[in-house]
Structures are given as structure tokens and as C-alpha cells.
Amino acid sequence: MLEKELDLDYFHREGFKRYRCKKCGAYFWSAIPRDTCTESPCGEYKFIGKKGYFRREFEIEDMRKEFIQFFEKRGHKRIRRYPVVARWRDDVFLVNASIYDFQPHVTSGLVPPPANPLVISQPCIRMVDVDSVGKTGRHLTGFEMMAHHAFNYPDKEVYWKDETVAYAIEFLESLGITREDIVLKEHPWFGGGNAGASFEVIVGGLELATLVFMNLRESENGDIEIDGTKYEEMPIKIVDTGYGLERFVWMSKGTPTIYEAIYPDIIEKLMSLTGVEKGEKEDRILGLLAFHSPKIESMGERKFLEFFVKETGINREYYEEKIVPIQKIYALSDFSRSLSFMLTDGIIPSNIQAGYLARLLIRRSLKILDDLKADISLYDLVEMHAKRFSDIMDTSMLPVVKEELEIEEERYRRTMKKGAEIVKRMIKKKREISVEDLILLYDSHGLLPDVVKRIAEEMGIKIDIPENLHSLVAKRHEKNVEKKKKKERKFPVEKTELLYYNDSYLKEFDAKVIYSERKELILDRTAFYPEGGGQPCDLGFLIHNGKKIPVVDVQKYGEVVVHRIDGEIPKGAKIHGVIDWERRERLMRMHTAEHVLLAAIRRVLGKHVWQHGTQKDVYESRFDIAHYKPITREEIKKIEREAMRIITSNIDVEAKFMSRRGAEDKYGFVLYEGGIPPGKEIRVVRIDGFDVEACGGTHVKKTGEIGFLKILRTERIQDGVSRVIYTAGLSALEKVQEMEDNALKATELASGSMDKLPEKIKSLIEENKSMRKEMEKMKEERVKIIADELLRNSKDGKLVARVHMDRGEMQKLMKFLSEKLEKVVLLNDKGALMVHSTDERAAEIAREIAAKAGGKAGGRGSFAQGKIERVEDGVNIAKTLTGYE
RNA sequence: GGGCCGGUAGAUCAGACCGGAAGAUCGCCACAUUCGCAAUGUGGAGGUCGCGGGUUCAAAUCCCGCCCGGUCCA
């Protein structure tokens, strides 16, 4: 497939020929004859220690500018970078590549791109490489993908393969790279439901860029098969390129690893703080490590290290002592940069979704800081990155980031401390730590195996950490991966005209029934709002032939609205619809109130707050937000005041349909706070100056109509997610009245005044407590008196007695008696049985009594209890058994 | 969204597997010792065993549901 696809006129014109790598077998194009594709491991990194490839050294900022300007000059429009958290997508958390910015709607053809062709430098986060960072010399969790994209439509072709390759070569040459050094390796590309042919652009052994020609999409009936999946051709052909910004910088400097090329300042700072030093010898080893590192994948880390030490003849201890700390510094400088992107883009560290990935990086970073004993906070590092890249990062977020990191560090310390105690207890108890224990400690308590090992060694216990521990952990998570799929239903009608969008105050309407089956009705037009966007559906009734038929549920499937009715109306009938206006009005106020609430919350808590989910209801609604700490009472009051300010300002609430492109360009991704609607056109609801959201709900015309907004309570539903329960309009008034009623009732009951109610209740509770204690004492007194009396009846240390008290008191009584007597049997009127016997045969005696008097009993040692049916018999049996009387 | 671990005195935890009278240590209070403090000794207070249901003669313990905290993974 590739041979035909990638045999370009450009190559023939420019003197490139196709060769096959004798090592890996891949086909590639080169201007000079070659045996191998040159890509590591088929070739080596020839640029390390050399600066000859580029005409000069580039810093990240220079390189980015160079790339963007190159393509701007060639007719590409420059696009601002997207956030690293993919707010516009619900299938992924983080942006992995520049093309993510345009999936799914631009790549599917639904929405036009922001420009065509375009150029961008998109920061990306790739967590898959997290374990390799620092060790291989070239892996990163955070990087910028410089890219130019062209979207070719059937009626409008921009450019395709020849031009893309020509641009690549021209750009490389503009940097001083000679044509003879460039290799274009053929490569089938697939991912994210798309596929196509691609070239990897290799210079000096390193892949600098990938040029993807995306023209296929996954399809069950597709006629092209790649790697077992069937694909079909798309109407759109997309040029998807990715130039690794950091790799270009690396090559321009020829440093042993990528890290010191891209953040020399941070690395220098960390080295001076920790006293870690690096000379020529270390540079040589790091270079060798980068060269051999592709083998890690096939060998596993432990084996690779053995191989590496043997191959290079270096001392293992020297490696641990000198090289490993350098690797840690590298990793830390990368993690902190990824964090600066993630946190300033508004990801809140938590245990869910993207927040968890941020926490993972934070914890790894903190651990390295501990290992290195570096006297610098993680925040300081993050701030250094953010300030250096202030042109593409939102430094106004830094105060929030600082607080988040402080909270996270505190949390990390707590986990470690608690974990250490668990490990110590475990060792004390079992004198060993098994592999299962290691998995448990990591999976349930967040303790990395080497942390456990360190603690255990301090206590003189040796532990073997199996290399496949991570896969064992993964195994525990394997089972039960079931995906819920939303039911899609199809109806034999096209669409329903949605009257509530034209006029959200429409209470009654006329319509025709165009579908009617099993109490499900579709009308040609409707004012009934179907359930959606966290807003419950409207209720009401349809009048047909003078009869009122209740509407009990309204759902939307695709473009049609289905009414479930309690009655029968035939297809073709003309009806008059009437909405339960009281309900709808409350819901409308509640919905607009929600937008006001979000605006107020963002003003009070900060712009990092992101909506996490909502559910409106008639009387009480809930609103979940991502926030890094619990909301305080003071903040609630502030939010309420702010919300009331927006309400009383009586601002227009505007709702209109816009093109997705236009709306995104104008308002940004805050639009998607409430979820990501499908389609080319989206409905934008705007409270001027306060809130803009893509929203399909019904809203009031002016904020003043909400009247009143009250937060009822807040909950922490998850780490990093708070739930605000609120109410609005008449429902709010009713709630407040209800609260007042309760307060009044309580005041009346406590017979005091309302403002002194808390004190009154406090004193009542204290009184109650002391009375309970008093009663306990009295009970004890009574038991003592009875005990004395009973003791007088005992014979030879034996006693059988029927008492009139409950189990609790009987136990107390028994406690007294058992100190003085050998054998005691107590029975109460309900048949509760208690036996004491100093010869440890209490259970036997109790069971025998129970067996003969109809009941069950048991116990251990000198005490047993049970229940019998015939109390009188029980007393007699006990007397015989114990020899009392 | 899912898996796992946990919730017992003010704090840290034992008891749970295997149901049978709610414990330890620290802290707190009082007294003794001391010029006073610290330290020590003696005594004491402090618990609806997260909540609700079930099984059982009997539940902190077993079962089910919920709430809260922690942690790992997508």
C-alpha cells in the first residue's frame, strides 16, 4: 500500500531514491545511496557532540519562532495553542498531538478549521513515557509539537503530499541541514480511528518530524485493512505534521541528552542546589545511554542495566552514585514543565481524570526532590518554567498553582507518613513483606515499592521487588471493564420543530401527530422541553377531541422529540399542547440561576473552577465544580452575594445559535463548561459580561426574573470536586420559609428566643448527657444492692437467680457476682440467660440449660449467654445442674 | 467511571480471619513528689465501635445498602 502512496513526483524531480533498510527492512527515501534507514537503533545519534547539522544553536523560543514564521511566509495562518487539557473532547483528557486540537469535528468534516492551511506549536503531554523520562536521554512527558495542517475537501484542495514533503525539506535546509543528511522513512500510521501513510523525517539518526497523510477512517465495511482493522477512504484528506520542537533544539546544540538542551537553566540550578556534578565522563556515559536506550523496551530495565554496565565497562556503584542523580534531575526538570502547563491550564490535582495525571507527576517530582535532598520547592520549579514561557502560559494562575502544590505536598507527606506506619506494623506482625503485600501497599496506600524497601531495610528486613510489579498491579485492574452505551433509537420521522427555542415563554401550541405507537408520540412541532443538559423534561397535557391526555415523559432522540403520554392519540391527529407552566417556570429560573451561580463562583473562587456536572430540579438543584479545596462558609456567603448582584442588575440573557467555529473563536472553550454538544451549530447562552456557555436549556430573558438564589449546602463529592446544592426563585423562598419554620419550632420547643437557640440547645445537650450519666450511676447502685442481696442467697459459691432487669444490667450484675462466686446462673423475665463459671465451662452449662428449656446459648471461657423460652424450667434446670439449693 | 484499603476514646491504633463482658499507647484532669517546671508515681474522666437494614439466643466482628476518607488505574 505504501509503495504506491508514497512514490511522489517530488522525489523524482529532486533526485531522491527509494531504498530498503537492511537492518529493519523499512523502505525509505534518500538523496544519497544508503544501506540503512539511519534511525536509531539502525544507525546512531550522529549529532551528539556535534553542532554541524544546524547553522546555529537554537533555544526553544527561537526554534518555535523560526518554524511558525517559515510557514506564515508560505501562506499558513498562525493559530494560538490549545490548552493541554482537552476541554472540547470527551474521549481523552490530555492533548497528545497537535491534531487533537481538530478532532473530532474538524477532522470529520462537520466544522471548518480555524484556518486553512494553518501553523501551530501545540504543547502536548504524554504520560505513557513517564517511566523513561531522564533515563533514555530523549523521552519527555511534555513537549511542543510544531505542526502545519492542511484540510483538503472534495471541492477545495489546499495541498497534499508533494508540497508537504517539499516544505519539510525546505524548512530543514533553511536551518542549515544538508539534503544528504535527510532520510524519509515510510511508515503506515493509524490512531484515533484514522489512518494513512506517513513519513518519518530522520536526520543524524533522530526522528525530527512525522508527516502524516490522513485519508482513511475506521469503517466496518471498509475495503482497506491495516493491522486487522478495516478502513475506508474519507472525503477529507488531512495533512497532519508533527515537528518535535525540543528535538530540533537538541540537535542544534548536540548535547548528550535532550534535557540539558531545552532547560539548561533549571538543570544548572538543580545541580548547584544538590551538589550533583557532571563532567566529560558523565556526558560520555549519558550519550552512550541515549544510544543504547531503544533496547530498554525489549529487555526490561533491570536486564538493560546489566547489559549496559557490561557493554560499557563502567562500575555499577559509580553508575548509581553519579549517573542516577543526574537522571533524576532530568526527569524533575521535565515533570515540572509538564506540570506548569497542566496546572496553569486549569487542571486541578485530584484522584480522577486528568487531575490524577497531574497528581502522579506531582508525587513523582516530590519523591525526586526528597531523593536529591534539593532545597527548592516544586512550586519554584514550576514557576521558573511558567515565567520563562509566559508568552504561552497563563501566569495569572500561579497563585492558585502555588496553593494547589502546597496542598498536594502536605497530602503527599501525610500519605508517606501513614504508609510508613502501615509498613512498620506489617513487619512487626509478620516479619516479612510478600509480593502481595507490596502490591497492596502500592495499590491501596500509594507506597512505591522502593519506599517500602527502604523502610523494611531500616528494620532489618530484606525485600525482593519483582520487576513485573507494575503488570501485577495492572492485572488487578483488568476485570470488569464494561462500557455503558447510551441507547440510540431511530424513528421513521425526520425532525421536530423546537418551539421552545424561539420562545421559551410559549405555554400553549397547536401541532400535528406525525408518529404514534405504544403511547409514544412525535409531533411536527413542540414546546415541550425534553430531558437534557441536566434539565428535567416538561410535563403537561395534550388536548385531543376535547380530552386532556397527560404527558408523563419527554425525551429527545437525535432530532426528534418523543412524548410519552398516558392515553391514546392516533397518528395524523391535531392536538393542542399545554405545558405545566408552574413547573417549567421554576426549572427555567433554576437553569438561568445555574449560569449565574457559575459566574459568581468563578469570581469568588477563581477562574480555575470548572463545571463538573449538574442536575436541575424543581425545588433543589445541584452543581458540581472542580476546585482544589472544600468551600468555606464565608465563601458561600460571598458567592451568594455575588450571585444576587448579578440577579439584581437585571442583565439580558441572550440565547442564539452560532456556528461552532464562530463561537469557539469568539468565546473559547469556556463554552463547553456544561458539556460538549454535538453538531455544527451550537446554541450559545450569554449573560453579558458574566457567563457564556453552549447550552440547550430554556432560560429566562433577564437575570432579574430569577428573583432569589440561595445556596443550601455544599458537599465534597470527590477529591477535587465540590457539590453546591442551591435553589432559586419561588423554590428558594419556600426553602427559606421551611428553614425558618424549623427554627421557629425548635425555638418554641426549647422555649427561648431564636437568637439564643444555639446556646440553649448546647445546654440542653449537656444536661441530657449528665442525666444519662446520672442514670448509669443509679443503675449501677441498684445492681450493687441487688448483688449484695443475691450474694446472701448464694450457697457454697453457687447461685441461681431470676432477676427483673435488661441484658445490660444483667451483665453489670454478673460482673459483681463473678468476682465472688464460682458458679452463677442468671435469668430474666424475657428468658435472657447468663452463666458464669470459674472452671471455664460456662458455655457447656448455658447450652445444656438452653437445650432443656427451649433456647440457644453459647460463650467462651468463664462467661456464656443465651436465650430460653421457658424461664421457670430454666431456673429449675440450672439449680440441678449447678447443685444450688 | 472502575478496582482496592480504611472509618473503634481528643490523637495513633489493637480487637474482625474464627460472633460471646469494648482495649493499648500518647494526650487530658486530679492527687502525690517539687520552691516552681520537667520527669515520675497513683487514681480518674473520655466510646450510640461512620450510618441504616439483615442474619443470630448474641454483632465492633458475618451479609446487604449508604455516607465519609485514602489510594491505584482508565
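First the proteins, then the strands, lettered A, B, ... as listed; each starts at 1. As the structure is a computational prediction, the values presented were derived from the model and not from experiment.
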Next item on the list: At under 4.0 Å between heavy atoms, which parts of nucleotides 45-58 of chain B does protein reach? Answer with one letter per nucleotide, 5' to 3': B base, S sugar-phosphate only, - none.
Entry: -SS---------B-

Notebook entry, point to check: Taking the inter-plane angle between the rings of A/Y628 and A/H608 on a 0 to 90° scale, is it parallel (under 30°), tilted (30 to 60°) or perpendicular (over 60°)?
Noted result: tilted

Check: Is there a donor-acceptor pair under 3.5 Å between the side chain of A/H445 and the backbone N or O of A/V423?
Finding: no

Next item on the list: Would you mind classifying the nucleic acid contact of A/M814 as base, sugar-phosphate or nothing, using non-hydrogen atoms under 4.0 angstrom?
Entry: base

Checklist line | Base paired to B/rU12 (Watson-Crick or G-U; both N/O distances under 3.5 angstrom) | finding: B/rA24

Margin query: Side-chain N or O of A/Q811 versus OP1/OP2 of B/rA22: is the shortest distance under 4.0 Å?
Written below: yes

Margin query: Pick the closest RNA chain B nucleotide for A/I352 and for A/I717 by heavy atoms, then say which residue is nearer the 5' end.
Written below: A/I717

Notebook entry, point to check: For A/I439, which contact category applies under a 4.0 Å heavy-atom criterion: base, sugar-phosphate, or nothing?
Noted result: nothing

Checklist line | A/T415 vs B/rU71: side-chain N/O to OP1/OP2 distance below 4.0 Å | finding: yes

Next item on the list: Using only side-chain N and O atoms of A/R716, determine if any of them is under 4.0 Å from OP1 or OP2 of B/rC67.
Entry: no

Notebook entry, point to check: Given that both distances must come in under 3.5 Å, which nucleotide forms a Watson-Crick or G-U wobble pair with B/rU33?
Noted result: none

Item checked: For A/P123, the option from A/V84, A/V95, A/D345 that meets side chain to side chain contact (heavy atoms under 4.5 Å, CB included) -> A/V84

Check: Are A/D829 and A/V871 side-chain neighbours, meaning at least one heavy-atom pair lies under 4.5 Å?
Finding: no

Checklist line | Stepwise salt bridge (Lys or Arg N to Asp or Glu O under 4.0 Å) test for A/K815 and A/E819 | finding: CA-CA 7 Å; A/K815 230 175 189 170; A/E819 278 165 23; over 6 Å; no

Identify all pairs in which a protein N or O lies below 3.5 Å from an N or O of nucleotides 6-16 of chain B, and state each distance.
from	atom 1	to	atom 2	distance (Å)
B/rG15	OP1	A/K429	NZ	3.3

Check: Quick one: the side chain of A/N351 and the base of B/rU71, do they pair up donor-acceptor inside 3.5 Å?
Finding: yes

Checklist line | Aromatic ring of A/F863 stacked on base six-ring of B/rG20, 5.5 Å, 30° | finding: no

Next item on the list: Answer with base, sugar-phosphate or nothing: what part of the nucleic acid does A/R847 contact at a heavy-atom distance below 4.0 Å?
Entry: nothing

Checklist line | salt_bridge(A/R782, A/E809) N-O dist < 4.0 Å | finding: yes

Item checked: Sidechain N-carboxylate O distance under 4.0 Å for A/K830, A/D806 -> no

Next item on the list: Measure from the side-chain heavy atoms of A/R363 and tell me the nearest of B/rU71, B/rA21, B/rA74.
Entry: B/rU71

Check: Are any side-chain N or O atoms of A/T141 and backbone N or O atoms of A/F335, one a donor and one an acceptor, separated by less than 3.5 Å?
Finding: no

